[in-house]
Amino acid sequence: MAACAETLTPVLMECGGKDALILDADGNVGAAADAAVWGALSNSGQTCLGVERVYVHEHVFDEFLHKTTTLAARVHAGPDIEDKIGPITMPSQVDVIRRHIEDAVSRGGRVLLGGSARSPVSTCNRPSWSTYPKTASPSRRKLSARP
C-alpha cells in the first residue's frame, strides 16, 4: 500500500478481515440484504471473498433479517433454469458449512431457513441462515451468512 501511495497507484487489498459486511443504522437495508445474499451465495458460497460475517446495527437488525431471509428463500440449488446456484463442488466443504451452522446454533443462534444436511428438511436444497439472539452483545449479534 505504501508503494502504491507514493505514485497514487490505485490498489485493492484483501487484509484478512473475514469478509465482513457492516450495516449501520443509516445504511440502505435493502441493498445490504441483497449484497449479503449475493455475496454469501455466489458460486455456491465457495469464493475467497464471499460474505462470511454480517454485522448489523440493532435499530435495523429485524428489518435486515426479514429482507435477507426473504431473498435467501428464493435461492434454490440445482441444475434447472430456475435454480440460482449449483451444488457444493468440494465434498469436504459440506463439513465446513455444517460446522459453521453448528457453531452458530451452539452459541444461541436459530436456524431461520433450510435445515441440517442430515435432516429431511435438507431435501429443499436451500441455504441455512442462523442468527445470534437479540440478547447477545452487539459484537455477538452477527448473521452467519454461510449456506
Side-chain angles (χ1 to χ4, degrees), residues 1-79 81-117 122 125-147:
M1 182 168 65
C4 290
E6 290 176 11
T7 61
L8 298 178
T9 302
V11 62
L12 175 64
M13 300 178 60
E14 195 284 297
C15 298
K18 292 305 289 170
D19 309 316
L21 184 150
I22 301 169
L23 175 59
D24 206 344
D26 62 349
N28 182 324
V29 177
D34 186 60
V37 172
W38 184 89
L41 301 180
S42 63
N43 196 36
S44 299
Q46 300 170 97
T47 64
C48 62
L49 52 86
V51 174
E52 291 187 34
R53 299 175 191 332
V54 179
Y55 297 93
V56 180
H57 193 281
E58 63 187 346
H59 290 135
V60 293
F61 182 80
D62 292 331
E63 180 185 3
F64 174 81
L65 192 59
H66 172 73
K67 288 184 178 193
T68 302
T69 54
T70 298
L71 290 171
R74 298 178 188 153
V75 178
H76 299 269
I81 192 109
E82 301 85 26
D83 297 323
K84 303 295 183 199
I85 59 175
I88 301 300
T89 59
M90 295 171 35
S92 63
Q93 191 64 23
V94 173
D95 288 331
V96 172
I97 294 166
R98 186 176 292 120
R99 284 194 310 270
H100 282 255
I101 295 167
E102 289 170 354
D103 177 61
V105 170
S106 74
R107 295 171 187 248
R110 300 171 291 140
V111 175
L112 302 177
L113 181 62
S116 168
S122 67
N125 291 322
R126 293 184 182 166
S128 295
W129 292 79
S130 51
T131 176
Y132 285 97
K134 293 183 95 171
T135 56
S137 68
S139 64
R140 294 288 303 257
R141 283 186 60 202
K142 69 177 182 181
L143 181 67
S144 177
R146 282 291 181 195

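Since this is a predicted model, take the numbers as computed values, not measurements. All values below were derived from every heavy atom in this structure, side-chain atoms included, with hydrogens, water molecules and symmetry-related copies excluded.
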side-chain contact (heavy atoms from CB on, under 4.5 Å) between T70 and H66: does it pass, once the steps are laid out?
CA-CA 6 Å; T70 298; H66 172 73; 3.7 Å; yes
Can a salt bridge be assigned to the pair D103 and R107 using a cut-off of 4.0 Å between side-chain N and carboxylate O?
yes
d(H57 NE2, E63 CD) to nearest 0.5 Å is 13.5 Å
Identify the two heavy atoms, one from Y55 and one from A20, that lie closest to each other, and give their separation to 0.1 Å.
CE1-CB, 4.1 Å
Heavy-atom nearest pair, L21 first then A35, reads CD1-CB, 3.8 Å
Donor-acceptor contact present, side-chain T68 to main-chain L65, <3.5 Å
no
Kindly compute the distance separating OG1 (T69) from CZ (R74), expressed to the nearest 0.5 Å.
10.0 Å
Just do the side-chain contact (heavy atoms from CB on, under 4.5 Å) check on L23 and V29 with the steps written out, would you?
CA-CA 7 Å; L23 175 59; V29 177; 4.2 Å; yes
Measure from the side-chain N and O atoms of D24 to the backbone N and O of D26, and report whether any donor-acceptor pair falls under 3.5 Å.
no
Could you report the tightest heavy-atom contact between C4 and V11, atom names first, then the distance?
SG-CB, 3.9 Å
Mind checking the CZ-CD spacing from R99 to Q93? Nearest 0.5 Å is all I need.
8.5 Å
For a quick test of reading the model, state the closest non-hydrogen atom pair linking A36 to F64 and the distance between them.
CB-CZ, 3.9 Å
On a heavy-atom basis, which atom in V56 and which in F61 lie closest, and how many Å separate them?
CG1-CA, 3.5 Å
